[in-house]
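Here is the structure we will look at.
Each chain gets a letter, A, B and so on, in the order the sequences are listed, and its residues count up from 1. As a basis for the values below, the full set of heavy atoms in this structure was taken, side chains included, without hydrogen atoms, waters or symmetry mates.
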Amino acid sequence: MKLHRIKASATHSLYHLNHSMETWVDLFWFSFTDILLFGLISTFFAKTTGDAQFLLAGIIIWEVLRVGQYTISVGMLWEVWSKSFSSLFISPLTLSEFIIGQAIAGLVKSAGVTIMVCLVAGVLFGFNVLDLGIFNFIIYFLVVFTFAIAAGIFILSLIIRFGTNIQSLAWGFIFILQPFSAIFFPVETLPEFLRPFSYLSPVTYIMQSIRSQLSGGEVLWPNIAISFTLTIFYLVIVTLYTSRVLKHSKSSGSFARMGS
Amino acid sequence: MTNQNILEVENLVKVYPAQKRGENEYTAVDGISFTIKKGEILGLLGPNGAGKSTTIQMLTGLTTPTAGVIRYFGMDFAGNRSEVLERINFASAYSHLQGKMTVKQNLRIYGMLYNVKNIAAKIDEVAKLLEIEKLLDRTFWKLSSGQQTRAILAKSLMNDPELLLMDEPTASLDPDIVQKVIELIRELQQKKGIAILYTSHNMEEITRLCDRVVFLYKGKVLAEDTPLGLTKLVGDSKLQLTFTNDRGEVEKLLAPLFKERGSIQYQFINERTITISLPEADVPGMLFDIKNTGVWITDIGINKPSLEDVFLKFARKGELK
């Protein structure tokens with residue numbers, strides 16, 4: 001693994017962002033409209049049923065998850081659509097270097113989107129994310145972002161395995177996690193038989209800690225530890241799976257076909 | 001590495017597994033071997049399904065061989081992927097640069113990937129060589145096909161490769177642009193001494209460019225020779241004569257001559273034109289003899305066998321070797 005190639009992959013992603021209106025819309029515009037919508041909903045709930053700042057906290061965490069995974073999985077698709085996939089992988093660049101570079105670029109993009117949505121939440125709806133504690137928020141951000149990378153790698157490996165027929169998963173897959181990650185409501189809201197699934201998502205534990213803080217309680221460090229452990233577990237699993245998929249796709253010829 | 005072989009391919013095999021239950025596995029490349037020496041241009045020729053693309057994919061690491069050895073610069077490719085790929089490069093009409101980025105940004109990225117020391121200077125050098133200075137700040141997608149080809153070639157020179165793999169680099173280009181690109185490739189090879197593996201469907205390109213040609217058919221090497229050597233495998237030239245006499249008279253006058261020379265193949269294209277197949281060395285004598293029969297010739301055409309004839313013969317019959 002070479003640093004200069006990881007740097008090339010990260011720079012590639014940022015250069016691309018600079019020229020891609022579609023990516024700006026996917027990342028910043030959707031995040032902006034989401035925070036605006038949920039800000040208005042939380043304002044309405046605040047007037048009728050009480051404080052609903054957890055909705056704003058939820059959407060901020062959700063955007064970290066969405067943008068992180070998008071960068072990895074759609075980043076690869078841009079190369080397929082542009083027919084530049086072969087050129088990239090015929091260079092000394094390895095898939096792991098590509099992914100790490102994209103993840104670094106994803107961190108920059110996620111940080112940018114998060115700052116934007118936090119500013120909108122603060123200025124328009126009076127929700128100051130720093131009330132959670134800047135250190136705590138950075139921990140929440142990093143754990144969720146790392147899980148987003150694991151989710152992105154998983155989707156990317158599915159695309160390598162099954163081809164671009166399933167490319168819509170690059171946008172759509174992450175939404176299956178939304179109801180099971182206690183983002184906008186506590187786990188107890190789910191039907192009982194679905195609750196165990198919720199505890200498989202690292203985001204659930206982060207949101208429980210945030211919700212605890214917003215209710216005047218403490219940071220739930222054991223929850224953060226569980227979330228972190230689960231995230232690392234998923235990262236290891238998807239890395240192993242991707243490695244296997246890559247080997248299979250190079251053997252079956254599907255990796256080469258992605259570039260043609 | 002023997003005799004400065006830059007690339008050695010030994011008994012390379014690729015068997016694709018069955019895609020669905022009930023289907024058979026498919027052998028795309030079946031034990032091919034060839035070498036490329038320093039500074040040599042080797043053509044890889046063959047009809048669709050011959051195994052050219054699969055061979056290129058294995059040579060670039062996009063596809064894993066089922067069996068066989070690929071050795072670059074004396075190193076096993078499988079165990080030295082990065083070291084090898086840093087010293088070779090690839091250009092194809094089908095492998096683009098990132099369309100949304102400018103040409104310069106693309107070249108900068110590849111400069112970083114290949115760990116080029118002074119990327120800005122290298123971009124200037126390749127841009128000047130390929131006359132794309134004015135295109136550097138333009139988005140790749142907005143370039144014409146010919147401009148894109150030159151940008152792709154520029155990318156392929158960013159690391160000063162010792163071997164350039166070129167997979168139909170001129171596909172979908174207008175003939176005048178093809179000519180320019182061919183001249184450019186020849187010039188590059190002469191100036192920089194790069195070895196080139198060149199695949200194309202265009203026989204003229206192969207004839208003009210390649211020192212040696214490997215002809216693939218159904219995954220096997222059917223023939224390997226210089227373009228001229230390969231054309232000799234096809235054999236006869238075609239002598240086309242137009243005359244003032246009518247067909248019946250010509251047949252009558254030439255019949256004894258053809259009988260005397262044995263089994264000469266001939267065919268009337270129309271009432272006043274005949275095509276005679278015969279070895280190239282026999283053409284002058286045949287013309288002299290025909291003149292003496294009293295046939296009044298008004299036009300003479302001699303078509304020597306081309307690589308296209310070789311291609312057609314091999315592709316249709318797969319009969320040699």
* Asked: Mind checking whether Ile109(B) and Tyr15(A) have side chains closer than 4.5 Å, heavy atoms only?
  -> yes

* Donor-acceptor pair, His4(A) side chain versus Met112(B) backbone, under 3.5 Å? -> yes

* Below 4.5 Å from any heavy atom of chain A, which atoms of Phe140(B) appear? Answer side chain, backbone, both or neither. => neither

* Asked: Are Arg5(A) and Glu86(B) close enough, and set up right, to give a salt bridge (charged side-chain N to carboxylate O under 4.0 Å, His left out), and what steps lead you there?
  -> CA-CA 11 Å; Arg5(A) 297 201 288 260; Glu86(B) 277 172 6; 3.3 Å; yes

* For His19(A) and Gln105(B), what are the C-alpha separation, side-chain angles and deciding distance, and is it a side chain to side chain donor-acceptor pair (under 3.5 Å)? -> CA-CA 11 Å; His19(A) 291 276; Gln105(B) 286 175 332; 2.8 Å; yes

* Before giving the answer on side chain to side chain contact (heavy atoms under 4.5 Å, CB included), spell out for Tyr94(B) and Ser86(A) the whole-Å C-alpha distance, their side-chain angles and the decisive distance to 0.1 Å. => CA-CA 9 Å; Tyr94(B) 311 115; Ser86(A) 298; over 6 Å; no

* **Exercise: identify the closest heavy-atom pair between Leu93(A) and Arg81(B)** => O-NH2, 3.0 Å

* Flag side-chain contact, heavy atom, 4.5 Å: Leu113(B) against Leu88(A) -> yes

* State the CG-CE distance between Leu17(A) and Met101(B), to the nearest 0.5 angstrom. => 12.0 Å

* Asked: Backbone N or O of Leu97(B) within a donor-acceptor pair of the Ser87(A) side chain at under 3.5 Å?
  -> no

* Flag side-chain contact, heavy atom, 4.5 Å: Ser91(A) against Met158(B) -> no

* Are any side-chain N or O atoms of Lys83(A) and backbone N or O atoms of Gln98(B), one a donor and one an acceptor, separated by less than 3.5 Å? -> no

* **Interface moiety of Ile6(A) toward chain B, non-hydrogen atoms closer than 4.5 Å** => neither

* Structure fact -> Rounded to the nearest 0.5 Å, the OG atom of Ser84(A) sits from the NZ atom of Lys100(B) at a distance of 12.0 Å

* Using a cut-off of under 4.5 Å for heavy-atom pairs, which of Ser20(A), Ser9(A), Pro92(A) has the most such pairs with chain B? -> Pro92(A)

* Gap separating the CG atom of Leu85(B) from the CZ atom of Phe89(A), nearest 0.5 angstrom -> 12.0 Å

